[in-house]
There are 2 protein chains.
Amino acid sequence: MSDLTQRQTEILDFIRSQLRETGFPPTREDIARQFGFSSKTGAQDHLMAIARKGYIELVPGNARGIRLLKEEAAELSHQFELPLIGSIAAGTPITAETNVDTWLRVDPELFHPRADFLHRVSGHSMKEANILDGDIVGIHAQDDADNGQIVAAVMPHPRTGEDEITLKRYFRRGKKITLKPENSAPAYKPLEIDLAPLDGDSQEQTPFRIAGVYAGLIRVRG
Amino acid sequence: MSDLTQRQTEILDFIRSQLRETGFPPTREDIARQFGFSSKTGAQDHLMAIARKGYIELVPGNARGIRLLKEEAAELSHQFELPLIGSIAAGTPITAETNVDTWLRVDPELFHPRADFLHRVSGHSMKEANILDGDIVGIHAQDDADNGQIVAAVMPHPRTGEDEITLKRYFRRGKKITLKPENSAPAYKPLEIDLAPLDGDSQEQTPFRIAGVYAGLIRVRG
DNA sequence: TTCTGTACTGTTATTTGGTACAGTACACCT
DNA sequence: AGGTGTACTGTACCAAATAACAGTACAGAA
């Protein structure tokens, strides 16, 4: 899909984020400042390239005359939408564009704490926390959790090795972390992770990280 | 709701339409031209009045620095909201304005079947259907149901006599209707209703009606 | 009656922002 | 070896846009 270069993608993302945050597109100077260019012309060149490739339209003679085109424009008002995150591409932040399956029109502020993204639950491991197979859970992004909270943990799938999100109840005692399913059936075993063999606070070496804490759910079928 | 004057409302609408059509807000001159002002100052005065009343925010020193504020941005699309229905005033249709506690920004089409309104569950009578106290259920409005479906039933509260919504699993056998809670604790007893003593198809005389069928739920706390 | 708010006209100063032109450097393709 | 596209720096001009000041007129509230 994307015949944009890395830099052009970054700039398009910046335009989108500016629209979301400020309500209007950035100027050439805004873009230059954001990316550390010393000249507006750099930004202008990129805009023209992105426009030529059909992602935006530049309206000549108009300040901030940048228009997102077609499917781009639909994503404009993400203000009351949440991304549904599927599988996680290696090395990407969790809410990176590539991990977003779709956007659902649900107000993030409905949840407490506020939801930053959604994830569709697969399996029955949290059944006794009343979270069922197919439920869509709201997750508040944060990288740690309190004991007893339900967390969205990111770790490689045991067979495929691909990063995936799983819900578990989190407990930490010193260097020992327990991720506990809420299902007393014998098939569901708590997962024990020992941080001790790792270098201090470096988490890069463990294939486990907390993406956020459970903030509620949506069940879409009667 | 609107403490804006006629003219101010027109101008706010123009800003909204410009945002939709061009992707960025108008300038003072755009506004002046649209309304036939010969001076930009007229537009500026209006913008400052609208901003003072909290509908927009003006970002000083920025071309087209007009931002719709949250409430305003929401009113752009009434179509992705659902009314939360609390108690039912006597003799009113269920989604009548007076019964609406608030509007929540949730896409009705998320649910299957489509939700027409929301209702906050109180109590534990549907616990074993994984519907908990405090959950917000989506209801698809219809006046009958299939056997075994969970319905939103409207009937007078046993003590106060005020109409209220309760969730129950619905069964009908001839003239006999059973509304069954999903909680095996002895406190929760099925409710039996016999339509036989009533005049044919007239339901006005029975203090029970189906408001719709359960279509899913939202749980807003982790 | 005075004050405040609405609804403008008219003018001007100043900043913001778009855009053209002239370069440099590097990578990739043919 | 030369052409094309990307990714910038640097300068400059001028139109676009904000914003302030000074008015007029009218309407409703204190």
Side-chain angles (χ1 to χ4, degrees), chain A residues 1-69 72 97, chain B residues 1-19 21-69 72:
Chain A
M1 162 75 203
S2 175
D3 51 352
L4 293 179
T5 65
Q6 175 63 32
R7 202 51 156 172
Q8 287 164 1
T9 305
E10 285 172 33
I11 286 168
L12 184 53
D13 278 343
F14 176 65
I15 296 168
R16 277 199 280 255
S17 77
Q18 284 296 101
L19 270 165
R20 215 170 333 179
E21 284 162 35
T22 70
F24 39 87
T27 64
R28 276 65 170 163
E29 195 147 13
D30 290 340
I31 296 170
R33 199 178 322 110
Q34 171 70 16
F35 292 95
F37 304 166
S38 62
S39 162
K40 301 188 270 187
T41 312
Q44 172 74 343
D45 286 353
H46 284 302
L47 288 177
M48 293 196 316
I50 298 168
R52 185 162 31 78
K53 292 176 177 179
Y55 288 79
I56 59 172
E57 189 179 344
L58 295 177
V59 187
N62 284 62
R64 302 176 193 270
I66 302 170
R67 181 181 303 155
L68 298 180
L69 289 183
E72 291 298 320
E97 199 100 14
Chain B
M1 164 73 204
S2 173
D3 52 351
L4 292 181
T5 66
Q6 177 61 33
R7 202 51 156 172
Q8 287 163 2
T9 305
E10 285 172 33
I11 286 167
L12 185 52
D13 280 343
F14 176 66
I15 296 168
R16 279 198 279 253
S17 76
Q18 285 297 100
L19 270 165
E21 285 163 34
T22 71
F24 40 88
T27 64
R28 277 66 170 159
E29 195 148 14
D30 290 340
I31 296 170
R33 199 179 321 112
Q34 170 71 15
F35 292 95
F37 304 166
S38 62
S39 161
K40 301 187 269 190
T41 312
Q44 171 76 344
D45 286 354
H46 284 302
L47 288 177
M48 292 195 317
I50 298 169
R52 184 161 32 78
K53 292 177 177 178
Y55 288 78
I56 59 171
E57 191 178 343
L58 295 178
V59 187
N62 285 60
R64 303 174 193 270
I66 302 171
R67 181 181 302 154
L68 295 181
L69 290 184
E72 281 307 302

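Numbered from 1 within each chain, the chains take letters A, B, ... in sequence-line order. Fair warning: this is a prediction, and the values are worked out from it, not measured in the lab.
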Would you mind reading off the distance between [X] atom [atom1] and [N] atom [atom2], rounded to a whole angstrom?
{"X": "B:Glu10", "N": "C:dT6", "atom1": "CD", "atom2": "P", "value": "15 Å"}
{"X": "A:Phe24", "N": "C:dG17", "atom1": "CZ", "atom2": "P", "value": "9 Å"}
{"X": "B:Leu47", "N": "C:dT6", "atom1": "CG", "atom2": "C1'", "value": "14 Å"}
{"X": "A:Phe35", "N": "D:dT9", "atom1": "CZ", "atom2": "C1'", "value": "17 Å"}
{"X": "B:Glu29", "N": "C:dT9", "atom1": "CD", "atom2": "C1'", "value": "14 Å"}
{"X": "B:Phe37", "N": "C:dA7", "atom1": "CZ", "atom2": "P", "value": "9 Å"}
{"X": "B:Arg33", "N": "D:dA17", "atom1": "CZ", "atom2": "C1'", "value": "12 Å"}
{"X": "B:Arg64", "N": "C:dT15", "atom1": "CZ", "atom2": "C1'", "value": "16 Å"}

Helical bend (five base pairs per end, nearest 10°) for the helix from C:dT1-D:dA30 to C:dT30-D:dA1: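 One end's axis against the other's: 30°.
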Any side-chain heavy atom of [X] sitting closer than 4.5 Å to one from [Y]?
{"X": "A:Val59", "Y": "B:Thr22", "answer": "no"}
{"X": "A:Leu19", "Y": "A:Arg16", "answer": "no"}
{"X": "B:Ile31", "Y": "B:Gln18", "answer": "no"}
{"X": "B:Ile15", "Y": "B:Leu47", "answer": "yes"}
{"X": "A:Thr5", "Y": "A:His46", "answer": "no"}
{"X": "B:Leu58", "Y": "B:Ile66", "answer": "yes"}

With respect to the side chain of [X], which nucleotide from [options] is positioned closest?
{"X": "B:Ala49", "options": "D:dA17, D:dT6, C:dT6", "value": "C:dT6"}
{"X": "A:Thr27", "options": "D:dT6, C:dT6, C:dG17", "value": "C:dG17"}
{"X": "B:Ser38", "options": "C:dT9, C:dG18, D:dC8", "value": "C:dT9"}

Side-chain N or O of [X] versus OP1/OP2 of [N]: is the shortest distance under 4.0 Å?
{"X": "B:Gln8", "N": "C:dG5", "value": "no"}
{"X": "B:Arg7", "N": "C:dC8", "value": "yes"}
{"X": "A:His46", "N": "D:dA7", "value": "yes"}

Contact nearer the 5' end of DNA chain C, comparing B:Ala63 with B:Gln6: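 The residue closer to the strand's 5' end, by nearest nucleotide, is B:Gln6.
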Donor-acceptor pair, side chain of B:Asp30 and main chain of B:Thr27, under 3.5 angstrom: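 Confirmed, B:Asp30 side chain pairs with B:Thr27 backbone.
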Donor-acceptor under 3.5 Å (B:Arg64 side chain, B:Pro25 main chain):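 Answer holds: yes.
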Closest heavy-atom pair and its distance - A:Leu4, A:Thr9: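 Nearest heavy atoms, A:Leu4 then A:Thr9: CB-OG1, 3.6 Å.
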Verdict with supporting geometry, B:Met48 and B:Asp45, side chain to side chain contact (heavy atoms under 4.5 Å, CB included): CA-CA 5 Å; B:Met48 292 195 317; B:Asp45 286 354; 4.3 Å; yes
Heavy-atom protein contacts under 4.0 Å, nucleotides 19-30 of chain C, coded B base, S sugar-phosphate only, - none: BBB---------
